Amino acid sequence: MLIQFSVTNFLSFRDEVILSLSTNKDNSHKENLLFYKNGRILPSVAIYGANAAGKSNLHKAMRAAIRMIRSSNNLQIDQPLLITPFLLDENSRNNKTKFEFIYVYNTLEN
């Protein structure tokens, strides 16, 4: 179960952007939440917003990260990755892109 995904320096995201499935203290609809350790996790999320707000680029970031994980055994150490960093800042063009998943596997409680 995905708890959090973050991306830095990818397409329109220069600074770190975090998609978190952790909940706040609101107790409404608690029957729909998943429990893990001392926290509650949303089983799904909806991403919506204005045009050009980054919804598609967040999806592209997740796809790129998953593609890199799945194909990592086919990559060589000196082989460049086909990732487009944030290009509107001179420093970001040369900085590394970062993807991070925080997840749990097979340890959720009801």
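Here, residue 1 is the first one in the sequence, and each next residue gets the next number. Keep in mind that this is a model prediction, so the values were computed, not measured.
Under the 4.5 Å side-chain contact rule for hydrophobic residues, Phe5 and Ile18 do not share a cluster. Placement of Val17 and Tyr48 in two distinct hydrophobic clusters is found when ILVMFWY residues are connected by side-chain heavy-atom separations under 4.5 Å, directly or transitively.
Checked by atom type and distance alone, the side chain of Asn9 never pairs as donor or acceptor with a backbone atom of Arg14 at under 3.5 Å.
Note that CZ of Arg40 is 6.0 Å distant from CG of Leu33, once rounded to the nearest 0.5 Å. Distance check, rounded to the nearest 0.5 Å: CG of Leu2 to CG of Leu42 gives 10.5 Å. To the nearest 0.5 angstrom, Thr8 atom OG1 is 5.5 Å from Lys98 atom NZ. The distance from atom CG of Leu34 to atom CD1 of Ile3, rounded to the nearest 0.5 Å, is 10.0 Å. The CD1 atom of Ile41 lies 6.0 Å from the OG atom of Ser22; values are rounded to the nearest 0.5 Å.
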Residues 49-59 side chain polar contacts: donor-acceptor under 3.5 Å, at least two apart:
residue : atom : partner : partner atom : Å
Lys55   : NZ   : Gly49   : O            : 3.1
Lys55   : NZ   : Ala50   : O            : 2.7
Asn57   : ND2  : Ser12   : OG           : 2.8

Could you list the donor-acceptor pairs under 3.5 angstrom formed by side chains in residues 75-93, with sequence neighbours left out?
residue : atom : partner : partner atom : Å
Gln79   : OE1  : Gln76   : N            : 3.1
Asp89   : OD1  : Asn91   : N            : 3.3
Asp89   : OD2  : Ser92   : OG           : 3.3
Arg93   : NE   : Leu87   : O            : 2.7
Arg93   : NH2  : Leu87   : O            : 2.8

Which pairs would a plain distance check flag for residues 60-74, meaning a side-chain donor or acceptor within less than 3.5 Å of a matching protein atom at least two apart in sequence or in another chain?
residue : atom : partner : partner atom : Å
Ser71   : OG   : Arg67   : O            : 2.8
Ser72   : OG   : Ile69   : O            : 3.1

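If you look at Phe99 and Phe10, their ring centroids are closer than 6.0 Å.
Scanning both residues, Met1 and Pro43, for their nearest heavy atoms gives CE-CA, 3.9 Å.
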